[in-house]
Amino acid sequence: MRTSPVAGRLADLPARVEGAKIVVGDPGAPRTAQVLVDPRCGYCAKFEGAGGEVLLELAAEGKVKVEYLLASFLDGGGGGASGSVRAVNALRASVEAGKFAEYQAAVFASQPKGRFTDGHLLAIAAAVPGLRGEAFDRAVAEQTYKGWVGEAEEAFEATGARGTPMVRVDGRAVGAKDGAMFDAAAFAKALKDVGIGGEGV
């Protein structure tokens, strides 16, 4: 299983649940970026390995807090517990262990070609120090947070977004043009253009 190159920085990043969102970073950070992703989305994995790492580095520096809206629309609805639903449930469980930022990066770095299974999600968790344990493993197996997963999907749909990934600052998409989201340097510039990052910001 693969983890993020910035995993060491992510270990100390706080995360908390606020309604249907998971918020990463200092609550007092001066700016907020909202990230919309589905764990099964290949382009989301590409984003998380580039622009996503830029955002989390800035969060680690206290310059921004990141609100994650975790979608599961790629499962096709129907209320079933398929790949995205299982992954979002596991991601929600990782918050309780204080390991969300690390685990989220590892989930996207280790995205399977097919659908996520409980076994795959637990194997990814084993690569995140301190995550595996009775409580986390049970939450994955029993889908403890499946109700919350549904709330997160509803919140995603309520944004009016038609796909993922998307990053919004002050309600406007950032880095969507010219593939900037998928290039770390280009995305860092796009964030700087909206006042996130850079010296003294």
Fill in: Test item: Pro39 and Val88 side chains (from C-beta on) under 4.5 Å apart, heavy atoms
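Yes, at least one pair of side-chain atoms sits under 4.5 Å.
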List for me each residue that meets salt bridge (Lys or Arg N to Asp or Glu O under 4.0 Å) alongside [X], sequence neighbours excluded, and say none if there are none.
| X | answer |
| --- | --- |
| Glu153 | none |
| Lys65 | none |
| Glu157 | none |
| Lys46 | none |

For [X], all residues meeting side chain to side chain contact (heavy atoms under 4.5 Å, CB included), sequence neighbours excluded:
| X | value |
| --- | --- |
| Pro112 | Phe116, His120 |
| Glu18 | Arg16, Val23 |
| Glu96 | Arg92, Tyr145 |
| Ala161 | Leu36, Phe156, Thr159, Met166 |

Practice prompt. State whether the side chain of Gln143 and the backbone N or O of Arg86 hold a donor-acceptor pair below 3.5 Å, judged by distance alone.
Written response: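 Looks like no, no N/O pair under 3.5 Å.
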Practice prompt. Examine distances only and state if a side-chain atom of Gln111 and a backbone atom of Cys41 form a donor-acceptor pair shorter than 3.5 Å.
Written response: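 Indeed, once roles are kept as given, a pair shorter than 3.5 Å links the two residues.
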Can you tell me how far the [atom1] atom of [X] sits from the [atom2] atom of [Y], to the nearest 0.5 Å?
| X | Y | atom1 | atom2 | result |
| --- | --- | --- | --- | --- |
| Glu151 | Glu154 | CD | CD | 7.0 Å |
| Ser72 | Leu91 | OG | CG | 11.5 Å |
| Ile22 | Gln104 | CD1 | CD | 8.5 Å |

Could you list the donor-acceptor pairs under 3.5 angstrom formed by side chains in residues 168-182, with sequence neighbours left out?
unit_1 : atom_1 : unit_2 : atom_2 : d
Arg168 : NE     : Gln34  : OE1    : 3.1
Arg168 : NH2    : Gln34  : OE1    : 2.8
Asp170 : OD2    : Arg31  : NH2    : 2.9

Practice prompt. Check the pair Val37, Leu70 against side chain to side chain contact (heavy atoms under 4.5 Å, CB included), reporting the backbone distance first and the verdict last.
Written response: CA-CA 5 Å; Val37 286; Leu70 302 176; 3.8 Å; yes
Discussion item. According to ring pair (Phe, Tyr, Trp, His ring centres under 6.0 Å), does anything in residues 15-41 pair up with another residue at least two apart or in another chain? List the pairs.
Written reply: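 Sorted pair list comes back empty.
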Discussion item. Per the ring pair (Phe, Tyr, Trp, His ring centres under 6.0 Å) rule, what does the pair list look like for residues 19-41, sequence neighbours excluded?
Written reply: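 Checked against ring pair (Phe, Tyr, Trp, His ring centres under 6.0 Å) - neighbours excluded - no pair reaches residues 19-41.
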What heavy-atom pair brings [X] and [Y] nearest, and what distance separates the two atoms?
| X | Y | answer |
| --- | --- | --- |
| Asp183 | Ala50 | N-CB, 4.0 Å |
| Leu69 | Ala155 | CD2-CB, 3.6 Å |
| Leu13 | Gly25 | CD2-CA, 4.0 Å |

Practice prompt. Would you please indicate if the ring centroids of Phe47 and Phe187 are separated by under 6.0 Å?
Written response: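 Yes, the ring centres sit under 6.0 Å apart.
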Worksheet item: Do Asp38 and Ser84 have side-chain atoms, one donor and one acceptor, less than 3.5 Å apart?
Response: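 Their side chains do contain a donor-acceptor pair, which is all the 3.5 Å distance test asks for.
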Indicate every side-chain donor-acceptor pair of residues 124-141 with a distance under 3.5 Å to a residue at least two apart or in another chain.
unit_1 : atom_1 : unit_2 : atom_2 : d
Arg132 : NE     : Asp137 : OD1    : 2.7
Arg132 : NE     : Asp137 : OD2    : 3.1
Arg132 : NH1    : Leu122 : O      : 3.1
Arg132 : NH2    : Asp137 : OD2    : 2.9
Glu134 : OE2    : Arg138 : NH1    : 3.3

